[in-house]
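One structure is given below, encoded as C-alpha cells.
Read the numbers this way: they start at 1 and go in the same order the structure lists the ligands and their atoms. None of these values were measured; they are calculated from a predicted model.
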Amino acid sequence: MASSSSPHPISYKFIIFLLISTSLHLLASTQSKSCTNPTSSKPIISGNSTILSENKTFVLGFFHTNDESKWYLGIWYATVPTPTYVWVANRQTPLTSLSTSSFQIDGAKLTVTENQDSRCDVVWESIIDINIENNNNNEDNKMDVKLLEDGDLVVVDSGGVVVWRSFDFPADTFLPGMNLTVGQTLTCWKSDNDPAPGKYSLRLKPPDYGEVELLFNESRTYWSSGNWTGNIFSGVPEMTLPYIYRFYFTNPFTETATFGFTEITSQQKPLTRFNIDSSGQIKQYTWSPQTENWNMFWNQPENPCRVYGLCGNFGFCNAKSVLNPCKCFDGFRALDGTGWDAGDYSGGCVRDSDKNCENDRFNDIGDVTFDQEKVESSSGSRTDCERKCLSNCSCVALSYKPKTNSCKNYFGQVLNLGNSSSDLGIIQDSLSIRVPRGVNGKKIGAKTVVVISIVSCFVAVLLMVIVGFVVLRKKTLMRKKLEEESVFPVTNLKVFTYKELHAATNGFSEQLGHGGFGAVFSGNVDSTMVAVKRLERPGGGEKEFRAEVCTIGNIQHVNLVRLRGFCSEESHRLLVYDYMPNGPLSVYLKTGGRNLDWDARFRIAVGTARGIAYLHEECRNCIIHCDIKPENILLDQDFSAKVSDFGLAKLIGRDFSRVLATMRGTWGYVAPEWISGVAITTKADVYSYGMTLLELLGGRRNVEGPPDGGNGGESNEKWFFPPWAARRITEGDVAAVVDERLGGEYNMEEVVRVGLVAVWCIQDEEVARPTMGMVVKMLEGVVAVEVPPPPKLLQALVSGESFRGVGGHSQNGTLTGVSYESKDSQPAD
Ligand SMILES: *[C@@H]1O[C@H](CO)[C@@H](O)[C@H](O)[C@H]1NC(C)=O
Ligand SMILES: *[C@@H]1O[C@H](CO)[C@@H](O)[C@H](O)[C@H]1NC(C)=O
Ligand SMILES: *[C@@H]1O[C@H](CO)[C@@H](O)[C@H](O)[C@H]1NC(C)=O
Ligand SMILES: *[C@@H]1O[C@H](CO)[C@@H](O)[C@H](O)[C@H]1NC(C)=O
Ligand SMILES: *[C@@H]1O[C@H](CO)[C@@H](O)[C@H](O)[C@H]1NC(C)=O
Ligand SMILES: *[C@@H]1O[C@H](CO)[C@@H](O)[C@H](O)[C@H]1NC(C)=O
Ligand SMILES: *[C@@H]1O[C@H](CO)[C@@H](O)[C@H](O)[C@H]1NC(C)=O
C-alpha cells in the first residue's frame with residue numbers, strides 16, 4: 001500500500017527538471033524577439049519611474065501583485081491606497097524585474113521590453129495607427145505620450161491627433177469616457193493576483209449590437225442586458241437612477257454601435273468604475289474616501305450561481321450563501337484549496353481520497369440543476385443502474401426514476417450544480433453522486449471504527465470513574481461552575497457551546513431565513529424559542545468578535561431585537577437572539593401576503609423609528625445600521641417592531657464593500673451618498689427608513705419585478721414605486737398611495753403624517769432629512785409636519801423616458817401610468 005502510493009522521489013524530480021527546462025527553453029525562444037537597440041529610443045518610462053495624469057488621478061508605471069518576480073505595465077489610481085489597476089499592457093507576459101523594464105515608442109509601435117546587457121526582449125507591443133501621408137520620412141514626426149485625467153493613455157502625433165489610446169484596448173475595467181464598440185471585449189483577470197485574461201468577458205452582443213452580454217470562454221452567454229430602449233437597457237431599469245452618471249449608446253443595432261457613460265459633472269466627481277471580476281460578475285464601484293473602500297452598489301448577474309461554471313466541476317452553488325456560494329459535497333474537496341478560500345472556485349471539487357474507484361457507493365443529493373457533457377440512458381432496476389455506473393470509473397453520477405425504471409448515467413464534468421430553478425444548470429433531476437465508500441456515515445471505513453471503539457472504551461472507563469466517585473456532589477459543583485463561566489462578565493450574554501446550539505436547533509434543521517451575514521435557524525433554549533444566526537466567513541479574531549458582541553449585547557431597547565448569547569468556538573461564530581413569532585415585515589408586503597391593519601402599521605412605523613433613533617442617538621457609540629429594509633424589521637407576538645441585524649457590519653470586518661455586496665438588489669433603499677462615495681452618516685439610515693415607510697404605506701415593495709432578476713432578456717421588467725408615491729404625497733393625494741387592502745380603513749391624519757415623513761426622509765440632501773429622533777416626534781404628532789419639496793432625483797426618474805417605457809407595463813389596477821405621465825413630463829423646476 002505505502003510503496004504504491006508514494007512514488008519514487010528521484011523519478012519525480014527528474015520529470016519536473018525536464019518540464020522546467022523545456023518550458024524555460026520555450027519561453028526564451030518565444031520572448032527573445034529582437035528589438036532596436038534600446039538606447040536609440042528614449043523610454044517613456046523605465047524602472048521605477050511613473051507618469052501622473054495632470055491632476056494626479058491616475059498613474060502609469062510598472063507594478064507587481066503578490067509575486068515580486070512578475071512585473072506589469074499598468075495604470076492605477078494615484079490616490080487610492082489599495083492598488084486598483086484599471087489597465088494592464090502585458091497581461092500574459094510579465095517582466096521578471098523592475099530595473100530592466102521599459103516602455104517606449106519603437107518606430108510605429110509601442111513596446112514593453114526587458115533589457116539586459118545587449119539583449120532586449122519584447123514582452124508586449126501595440127501598433128500605432130500612423131497616417132502614412134503625415135509620416136513622410138518620420139524623424140521629424142515627434143510623437144508624444146500622455147496620460148489623461150480620465151485614465152486614458154494616449155499617443156499624439158506632431159499634428160496633435162490622437163493616434164493610439166489605451167481605451168481602445170480595454171482590460172477588465174470600464175471607466176467614464178471609455179467606449180465599448182463592436183469587436184472590443186473586456187476580459188476579467190484570471191484571479192485577483194493574475195492579470196492574465198480569465199474566462200469571463202463582456203462585449204456588445206452580436207449580431208444586433210443592441211445590448212451587452214457577459215460570456216464564458218468567449219462563447220457562452222450567461223447574462224445579457226436586454227435591448228437598448230432609448231436610454232436604458234430593458235433588463236437594467238436601475239440605470240435610470242441618475243445620481244451621477246449618464247449612459248449613452250450611439251448607433252445601437254448597427255456595426256458602429258458605441259456604448260459608454262459619463263459622469264454628470266457635479267462639484268465633486270467620485271472615482272467610479274465598472275469591473276468584470278474574476279468570479280464573472282460585472283460590478284460598479286465608487287470610491288469612498290471615508291471608509292477607504294470601493295463601495296460596490298450594482299452587480300450583474302445578481303445571482304452568483306448564474307455565472308457559468310462559477311463553482312467548477314462538481315462544485316455546488318448556493319446563491320443564498322452570498323459570501324461563500326460554492327461548496328464541495330462530502331467525499332470531495334476543492335482541487336485548489338487556496339484559490340477556493342480566496343474566492344476562485346473555478347478549479348471545482350475532486351474526490352477526497354484516491355481510493356480505488358470500484359469500491360464506491362452513491363450519495364443522494366436530491367433535486368438539483370446542472371449541466372452535463374455525456375449521458376447514457378437505459379432502463380432496469382436501481383441496482384442495475386448503479387452497477388452499470390460502477391463498472392466504468394468515468395461515470396460520476398446517476399439519476400434513477402423508480403416509476404419508469406429509467407436510469408441515466410452521467411460521465412465527465414458536472415458543471416453549474418445548483419438547487420434552484422433560477423440557477424444556471426439546464427438539466428433538473430434527482431441526482432446521486434458517486435462517492436468513495438465510507439463517506440457520509442452510511443458505511444464507516446475500518447479506520448474510523450477502530451478510533452470510535454477506542455474512544456467509546458475510554459468514555460466508558462471515565463464514566464465508571466465518575467459514577468464511582470462523585471455521584472451527587474459533582475453534579476451541583478458542575479452546574480455552579482458552568483453558570484459562572486457562561487455568563488459573560490460585562491453583559492448578561494450567555495456563552496453557548498457549539499454542541500449546545502447544534503442540539504438546540506436540532507442540527508440547524510429549521511432555517512428561518514437568510515440575511516446578509518448568514519443563515520438564521522429556529523431553536524429552543526430552556527424551552528423558549530430562539531433564533532440562531534450562523535455568521536458566514538466571519539472576519540477578525542475571537543477577541544474582536546467578543547468585543548463586538550459585547551457592544552451589541554449592551555444595546556437594549558424595546559424596539560431592537562435582543563441578543564441573548566453567542567458562541568465562538570474554533571471557526572464557528574453564532575449569535576442567539578429572541579425569536580420573533582410574526583416574522584419580518586417583508587412578509588406582509590408581498591402581493592397576496594398577509595395583511596396588517598392600519599393601527600399595526602402605524603405602530604410599526606413609530607416603533608422602528610424609535611429603535612433606529614436609539615441606535616443613532618442614545619447608545620454610547622453611535623451605530624449606523626446601514627441596511628434598514630423590511631427584511632430587517634421583525635414583528636413580535638404583539639406585532640411590535642424590532643429592528644434586527646444592527647452592529648453586524650463590524651463583525652465581518654470593516655469591509656463596507658462586503659456589506660454592500662450582501663445587500664443584494666437593495667439599490668432602492670440606498671441613499672445617494674452611498675453611490676457618490678461621500679461620507680456616510682446616520683442620515684443614510686434615515687433615507688432607507690423613508691423608503692421602507694413608503695412600502696409600509698403602499699403595502700408593496702418599492703421595486704417590483706421577478707425575484708431573481710439576474711437572467712436578463714425575457715420578462716425582466718421592474719417598476720420603481722417611490723417616485724410616483726412621493727409625487728402623489730407632495731401633491732396632497734396620500735390616499736392614492738395607501739394600500740388598497742386596507743379598504744379605506746385608516747386614520748387619515750396618521751396616513752398623511754407617515755406619507756410626509758417618508759418624503760422628508762428621502763430628500764437628496766442629507767441636511768434636509770430629519771434625524772431619527774425628529775422622525776419619531778413628527779410621527780407622534782408632537783411637531784407639525786410641513787409638506788416637503790419633491791425629491792429631485794426621483795423627479796428626474798419620473799420624467800425620464802425609461803420610466804414610461806418600463807413602468808408602463810408592470811402597473812396594474814389603479815396604478816395606471818396614464819394620468820401622471822402627462823403631468824410629470826413637464827419640466828421639474
Ligand atoms: C528608483 O530607483 C533608483 C535606482 O534604481 C533609486 O535610487 C530611487 O530611490 C528609486 N526611487 C523610488 C521612488 O523608489
Ligand atoms: C485639473 O484641475 C484644475 C483645477 O481644479 C482644473 O481647472 C482643470 O480643468 C483640471 N484638469 C483636468 C484635465 O481635469
Ligand atoms: C466615444 O464615443 C463618443 C460617441 O460616439 C465619442 O464622441 C467619443 O469621442 C468617444 N470616446 C473615445 C475615447 O473614443
Ligand atoms: C473553450 O472554448 C474552446 C474553443 O471554443 C474549447 O476548445 C474549450 O474546450 C473551451 N473550454 C472550456 C473550459 O469550455
Ligand atoms: C467508460 O465510459 C466512457 C464514456 O462513455 C467511454 O468512453 C469509455 O470507453 C468507457 N470505459 C470502459 C472501460 O467501458
Ligand atoms: C436543496 O434544497 C432543498 C430545499 O430547499 C434542501 O432540502 C436540500 O438539502 C438542498 N440540496 C442541497 C444539495 O443543498
Ligand atoms: C433585441 O432586438 C433584436 C433586433 O431588433 C431582436 O432580434 C431581439 O429579439 C431583441 N431581443 C429582445 C430580448 O427583445
**Request:** Begin with the C-alpha distance, continue with both residues' side-chain angles, and end with the deciding distance and a verdict on disulfide (SG to SG under 2.5 Å) for C311 and C317.
**Result:** CA-CA 6 Å; C311 299; C317 193; 3.8 Å; no

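Which parts of ligand 5 touch F411 is read off a 4.0 Å heavy-atom cut-off, strictly below it: atoms 2 (O), 4 (C), 5 (O). Annotation for ligand 5: atoms under 4.0 Å from non-hydrogen atoms of E376 are 5 (O). Which parts of ligand 5 touch S394 is read off a 4.0 Å heavy-atom cut-off, strictly below it: atoms 1 (C), 2 (O), 3 (C). The K374 neighbourhood of ligand 5 comprises atoms 4 (C), 5 (O), with distances under 4.0 Å to a heavy atom of that residue. Distances below 4.0 Å separate heavy atoms of N392 from the following atoms of ligand 5: 1 (C), 2 (O), 3 (C), 8 (C), 10 (C), 11 (N), 12 (C), 14 (O). Heavy-atom contacts of D208 reach the following atoms of ligand 7: 3 (C), 4 (C), 7 (O) (cutoff under 4.0 Å). Close approach of ligand 7 to F253 is summarised as follows: ligand atoms under 4.0 Å from at least one heavy atom of the residue are 2 (O).
Figure legend: K199 and F216 shown without cation-pi pairing, the cationic atom not lying both under 6.0 angstrom from the six-membered ring centre and within 45 degrees of its axis. Cation-pi geometry between R351 and F332 is not satisfied (NZ or CZ under 6.0 Å from the ring centre, within 45° of the ring normal).
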Distances only, to 0.1 Å: what are the N or O pairs between ligand 2 and the protein that fall under 3.5 Å?
residue, atom, partner, partner atom, Å
ligand 2, 2 (O), N55, OD1, 3.2
ligand 2, 2 (O), N55, ND2, 2.3
ligand 2, 11 (N), E54, OE2, 3.2
ligand 2, 11 (N), N55, ND2, 3.0

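A donor-acceptor pair shorter than 3.5 Å cannot be found between the side chains of T272 and W287.
Of the inter-residue distances, the one linking Y400 atom OH with S406 atom OG reads 7.5 Å to the nearest 0.5 angstrom.
When each of N409, D360, N363 is paired with R434, the side-chain hydrogen bond (donor to acceptor under 3.5 Å, both in side chains) condition holds for D360 and for no other. Under the side-chain contact (heavy atoms from CB on, under 4.5 Å) rule, C385 has a single partner from N405, L390, L398, which is L398.
The salt bridge (charged side-chain N to carboxylate O under 4.0 Å, His left out) pairs that include a residue from residues 380-399 are D364-R382, R382-E386, D384-R387, where partners are two or more places apart or lie in different chains. Note on residues 161-183: pairs passing salt bridge (charged side-chain N to carboxylate O under 4.0 Å, His left out), not counting sequence neighbours, are D152-R165. Applying the salt bridge (charged side-chain N to carboxylate O under 4.0 Å, His left out) test to residues at least two apart or on different chains, the pairs with a partner in residues 392-410 are K401-D429.
Below 3.5 Å of separation, one finds an N or O of N227 facing an N or O of ligand 7.
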